[in-house]
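Only one structure is covered here, and it is reproduced in the block below.
On a predicted model such as this, the values are computed, not experimentally measured, just so you know.
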Amino acid sequence: MKKNYLFLMTGFTVIMMLFAACKKDYYQDSGLAKGKFNGSVLDYLKSKPEYFSDVVKVIEITQMEDVFRKENITFFAPSNDCFDSTLRIVNSTLYLLGKDTISSYTQVPAQLWREMLTRYLFKGKYMLNDIPQIDPVQYKTYPGVFIRSYDGLPMNLGVVYHSDGGAQYVGYRQLQVSYTADISQPPMTWYAAPVASVNIEPDNGVVHVLVFRTHYFGFSPSEFFSRVVQYGLGK
């Protein structure tokens with residue numbers, strides 16, 4: 001009986017140790033998303049229209065389908081809700097100023113869509129483990145990394161190591177992509193877009209899905225609005 005008890009306790013201890021080891025590798029919201037997708041990045045986005053039908057529309061308007069089908073890329077995918085949030089603010093501002101509002105994506109010039117879309121797009125494949133830590137408070141020690149977007153805009157990629165039980169940097173890790181019009185400004189002023197699911201691997205790169213509840217497409221609705229005024233709207 002004693003031997004059986006010791007055997008059970010040993011097994012339970014091993015299981016708990018394995019669980020504790022795995023606990024360090026978890027993520028917020030939709031969790032750890034590691035998996036291959038049989039198809040291109042564009043195929044992956046089209047396979048989930050409930051989340052990504054709007055970004056697919058924009059890819060088509062900008063005529064960037066071949067980029068998302070054939071080139072080796074990293075894409076931080078914004079959901080339909082991100083578009084809705086931005087256009088709601090932009091249209092409200094246009095309405096208050098007595099200007100025409102956006103009722104169709106084709107009214108927005110392709111140049112403007114591309115400017116905003118490529119902020120989420122990078123040449124090459126960047127998995128979670130390829131990206132260094134960022135801490136806005138200890139920025140000099142943990143700065144993440146500035147990488148040029150597909151169209152050459154400097155964007156910051158970084159992994160936030162959260163606290164757990166009062167211990168710094170031992171909680172869940174969260175990838176984020178950040179935009180700032182002035183990289184000399186402190187990171188607290190940047191527009192940071194946290195990632196919900198990481199390391200989804202289509203045939204031609206990797207997709208990281210953004211947390212949709214807290215992000216506006218283009219990062220800054222006011223900047224999107226100013227570009228709409230600058231470029232004008234089509235019919």
Side-chain angles (χ1 to χ4, degrees), residues 28-30 41-42 44-65 67-68 73-97 99-122 126 147-158 174-181 189-198 200 205-234:
Q28 194 179 36
D29 289 332
S30 58
V41 172
L42 185 57
Y44 171 75
L45 298 172
K46 285 185 173 182
S47 74
K48 298 185 178 298
E50 67 274 24
Y51 296 112
F52 303 123
S53 61
D54 285 352
V55 79
V56 169
K57 286 180 191 174
V58 170
I59 291 169
E60 292 170 349
I61 289 171
T62 56
Q63 299 182 350
M64 296 187 71
E65 294 101 317
V67 173
F68 285 82
I73 57 172
T74 297
F75 186 54
F76 289 81
S79 75
N80 296 339
D81 287 323
C82 301
F83 287 82
D84 292 343
S85 297
T86 292
L87 293 180
R88 191 178 303 118
I89 292 174
V90 171
N91 275 338
S92 295
T93 309
L94 289 170
Y95 179 79
L96 288 173
L97 294 176
K99 297 180 179 292
D100 290 338
T101 57
I102 301 167
S103 58
S104 169
Y105 281 25
T106 56
Q107 288 178 270
V108 178
Q111 183 179 356
L112 171 52
W113 281 129
R114 176 167 179 138
E115 178 184 338
M116 298 299 168
L117 176 66
T118 54
R119 293 178 178 183
Y120 303 91
L121 181 63
F122 301 85
Y126 296 97
I147 297 176
R148 296 269 176 191
S149 70
Y150 190 87
D151 280 351
L153 187 71
M155 303 288 292
N156 186 275
L157 306 184
Q174 188 164 44
L175 177 61
Q176 68 178 32
V177 55
S178 301
Y179 164 72
T180 174
T189 67
W190 299 351
Y191 297 97
V195 168
S197 297
V198 300
I200 301 163
V206 60
V207 175
H208 306 296
V209 178
L210 298 180
V211 176
F212 64 85
R213 294 190 307 273
T214 58
H215 183 65
Y216 296 97
F217 178 73
F219 290 84
S220 169
S222 61
E223 195 169 303
F224 195 107
F225 168 76
S226 69
R227 294 293 191 274
V228 167
V229 173
Q230 176 186 345
Y231 293 128
L233 294 177

**OP:** Evaluate the criterion side-chain contact (heavy atoms from CB on, under 4.5 Å) for residue pair L157 and F76; output intermediate values, then yes/no.
**Re:** CA-CA 10 Å; L157 306 184; F76 289 81; 3.8 Å; yes
Original post:
Is it true that a side-chain atom of T86 and a backbone atom of F217 form a donor plus acceptor pair closer than 3.5 Å?
Top reply: yes
Original post:
Any side-chain heavy-atom pair from F83 and P78 closer than 4.5 angstrom?
Top reply: yes
**OP:** Taking D151 for its side chain and E115 for its backbone only, find out whether a donor-acceptor pair lies under 3.5 Å.
**Re:** no
Subject >> Ring center gap for Y231 and W113 short of 6.0 angstrom >> reply: no
**OP:** Calculate, to the nearest 0.5 Å, the distance between atoms CG and CD1 belonging to L153 and I147 respectively.
**Re:** 12.5 Å
**OP:** Show your reasoning for whether side-chain contact (heavy atoms from CB on, under 4.5 Å) applies to H208 and I200.
**Re:** CA-CA 6 Å; H208 306 296; I200 301 163; over 6 Å; no
Original post:
Are the aromatic ring centres of F68 and F75 under 6.0 angstrom apart?
Top reply: yes
Original post:
Are a donor atom and an acceptor atom from the side chains of T180 and N156 found within less than 3.5 Å of each other?
Top reply: no
Original post:
Between R119 and E223, is the closest basic N to carboxylate O distance under 4.0 Å?
Top reply: yes
Original post:
Any luck finding a side-chain donor-acceptor pair between D54 and Y105 under 3.5 Å?
Top reply: yes
**OP:** For the pair D81 and R213, find out whether any cationic side-chain nitrogen is under 4.0 Å from an anionic carboxylate oxygen.
**Re:** no
**OP:** To the nearest 0.5 angstrom, please state how far the OG atom of S222 sits from the OH atom of Y216.
**Re:** 10.5 Å
